[in-house]
Amino acid sequence: ERSGIHIIDLNQSLAFIDKAYDFVKDTVANGGTVLFVGTKKQAQESIAEQATRVGQPYVNERWLGGLLTNFQTVSKRLGRMKELEEVDYEDTTQGYTKKELLMKKRELTKLQKSLGGIRSLTKTPSAMWVIDPLREHLAIDEAKKLGIPVVGILDSNADPDDFQYLIPGNDDAIRSVGLLTKVIADAVAEGLIERHQKPEAEGNVSAVEPLAEWERELLEASTEPPAPEAAAEPAAKAAATKAPAKAPAKAAAAKKPAADKAPAAKKAPAKAAADKKPAAAKAAAEKAPAKAAAKKPAAATAAGRPSERNR
């Protein structure tokens with residue numbers, strides 16, 4: 001602490017990040033799930049974005065009391081939400097009046113806002129990623145009762161005992177929250193890849209189950225090597241472009257002698273013109289003195305006449 005400002009050493013935070021990253025990766029690789037929790041305004045968008053990217057449940061609105069300890073009741077509400085989603089609210093011929101459809105739609109909107117992020121949650125999660133433990137104290141208390149390990153950001157005003165895997169950082173800045181949440185989501189993605197790469201003989205159920213779209217995208221982006229045919233195509237294209245390039249070079253070389261001859265033919269008239277120029281200059285020089293000599297006697301006679309008159 002300096003002048004009332006708490007300074008966090010990020011070099012020490014890196015070691016804690018590595019521990020949390022390995023724990024989350026191993027948890028997901030063994031078939032577990034991670035619940036992302038962050039209801040403060042700075043964390044809502046990043047929590048929903050990163051959890052959706054890796055297909056994990058999340059809570060970015062108000063935490064409902066008993067979400068983990070009373071999961072049976074919560075699962076019933078999830079079933080009710082899925083039931084309401086199947087209703088066509090534009091069709092009034094299903095036996096519901098307009099008022100009943102309006103009430104059902106309002107109920108669906110309320111359930112989606114509070115439970116939409118955990119619609120895929122079928123059992124209690126294996127771990128929890130929490131931002132701002134002071135705000136999410138209800139979630140941490142329920143996780144402690146059920147023995148769920150908590151991973152989160154430890155700010156200067158938080159209690160380290162609330163976390164099993166803590167990362168010192170600032171939980172009030174949007175950038176730090178988004179960065180650390182992305183790191184945890186990357187750990188989940190790596191754990192999913194390891195889970196599906198395990199052979200079926202080891203009892204890995206995920207190797208038999210069909211992949212979801214987001215899981216298939218993660219695996220294709222990280223594990224697929226470039227095909228040999230695809231690698232051969234660029235080489236063939238490069239060879240095809242080099243072969244035609246040589247032919248134009250030869251044609252240009254063949255045209256060069258003709259181009260050299262043309263300037264030589266043009267130079268001959270230029271030399272003849274240059275030879276003619278001195279002869280013309282000499283003739284002009286000879287004429288000029290003759291004219292000057294012819295004018296001098298006339299001037300002398302003109303000057304001599306007045307003197308004769310005076311006599």
Side-chain angles (χ1 to χ4, degrees), residues 28 31-131 135-136 138-139 142-143 146 148 177-178 181-182 184-185 188-189 191-193 195-196 205-221:
V28 177
T33 57
V34 179
L35 177 62
F36 288 69
V37 181
T39 60
K40 65 192 307 181
K41 196 171 184 180
Q42 296 92 324
Q44 286 180 344
E45 184 177 352
S46 59
I47 285 286
E49 179 183 355
Q50 298 300 329
T52 305
R53 179 170 68 90
V54 294
Q56 298 298 307
Y58 66 91
V59 176
N60 64 343
E61 296 292 339
R62 186 176 68 89
W63 177 270
L64 298 178
L67 185 63
L68 298 179
T69 55
N70 194 16
F71 188 72
Q72 293 181 353
T73 305
V74 174
S75 61
K76 291 179 182 178
R77 300 307 298 166
L78 287 173
R80 174 63 176 170
M81 182 181 68
K82 294 177 181 177
E83 178 184 343
L84 291 174
E85 287 177 346
E86 296 177 357
V87 178
D88 186 6
Y89 295 96
E90 303 297 332
D91 188 6
T92 57
T93 61
Q94 297 178 352
Y96 299 107
T97 62
K98 289 185 177 180
K99 185 175 182 179
E100 289 175 342
L101 288 174
L102 182 61
M103 297 296 293
K104 289 180 180 296
K105 193 170 183 179
R106 288 178 181 173
E107 182 182 359
L108 175 62
T109 303
K110 187 177 180 180
L111 288 174
Q112 284 178 340
K113 185 177 181 180
S114 57
L115 302 175
I118 60 171
R119 59 181 301 119
S120 61
L121 192 64
T122 56
K123 59 180 182 180
T124 54
S126 305
M128 243 177 27
W129 166 252
V130 177
I131 295 173
R135 187 183 181 94
E136 315 299 343
L138 293 177
E142 293 186 21
L146 298 177
I148 298 174
V177 169
T181 304
K182 186 178 183 300
I184 299 299
V188 173
L192 288 170
I193 292 171
R195 181 198 302 180
H196 290 287
V205 183
S206 301
V208 187
E209 294 179 352
L211 295 176
E213 292 183 2
W214 58 270
E215 289 179 324
R216 191 179 299 108
E217 290 178 358
L218 287 174
L219 291 174
E220 289 176 355

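The analysis underlying the following values was restricted to heavy atoms, covering all of them including side chains, and did not include hydrogens, waters or symmetry mates. From a predicted model like this one, the values you see are computed outputs, not experimental measurements.
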Report the distance from atom [atom1] of [X] to atom [atom2] of [Y], rounding to the nearest 0.5 Å.
X: His196; Y: Leu192; atom1: NE2; atom2: CG; result: 5.5 Å
X: Leu108; Y: Lys113; atom1: CG; atom2: NZ; result: 13.5 Å
X: Asn60; Y: Phe36; atom1: CG; atom2: CZ; result: 12.5 Å
X: Arg106; Y: Met103; atom1: CZ; atom2: CE; result: 6.5 Å
X: Leu115; Y: Lys110; atom1: CG; atom2: NZ; result: 10.5 Å

Which heavy atom of [X] sits nearest to which heavy atom of [Y], and what is that distance?
X: Val54; Y: Ala185; value: CG1-O, 3.4 Å
X: Thr69; Y: Glu142; value: N-OE1, 3.5 Å
X: Pro125; Y: Thr33; value: CA-OG1, 3.5 Å
X: Ile148; Y: Ala127; value: CG2-CA, 3.8 Å
X: Met128; Y: Ala143; value: CE-CB, 3.7 Å
X: Leu121; Y: Pro57; value: CD1-CG, 3.7 Å

(request) Go through the steps for Leu67 and Ile118 under the test side chain to side chain contact (heavy atoms under 4.5 Å, CB included), then give the verdict. (result) CA-CA 10 Å; Leu67 185 63; Ile118 60 171; 3.4 Å; yes
Which is it for Gln50 and Ile184 under the side chain to side chain contact (heavy atoms under 4.5 Å, CB included) test, yes or no, and what are the steps along the way? CA-CA 9 Å; Gln50 298 300 329; Ile184 299 299; over 6 Å; no
Could you tell me if the side chain of [Y] sits less than 4.5 Å from the side chain of [X], heavy atoms only?
X: Leu64; Y: Val59; value: no
X: Tyr89; Y: Leu84; value: yes
X: Trp63; Y: Leu68; value: yes

Any pair counted as salt bridge (charged side-chain N to carboxylate O under 4.0 Å, His left out), so long as it reaches residues 59-74, sequence neighbours left out =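 Matches after skipping sequence neighbours: none remain.
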Legend entry - Whether Thr181 side chain and Gly178 backbone form a donor-acceptor pair below 3.5 Å: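 No.
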*Short question: side chain of Glu136, backbone of Thr39 - any donor-acceptor pair under 3.5 Å?*
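Yes; at least one donor-acceptor contact below 3.5 Å.
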(Q) Tell me if the CD atom of Gln44 is crowded by more than 12 foreign heavy atoms within 6.0 Å. (A) yes
Residue pairs meeting side chain to side chain donor-acceptor pair (under 3.5 Å), one or both in residues 115-126, sequence neighbours left out, come to Glu85-Arg119
(message) Closer than 4.0 angstrom, basic N to acidic O: yes or no for Arg80 and Glu83?
(response)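 Looking at Glu83 together with Arg80, the answer is yes, because their closest N to O distance falls below 4.0 Å.
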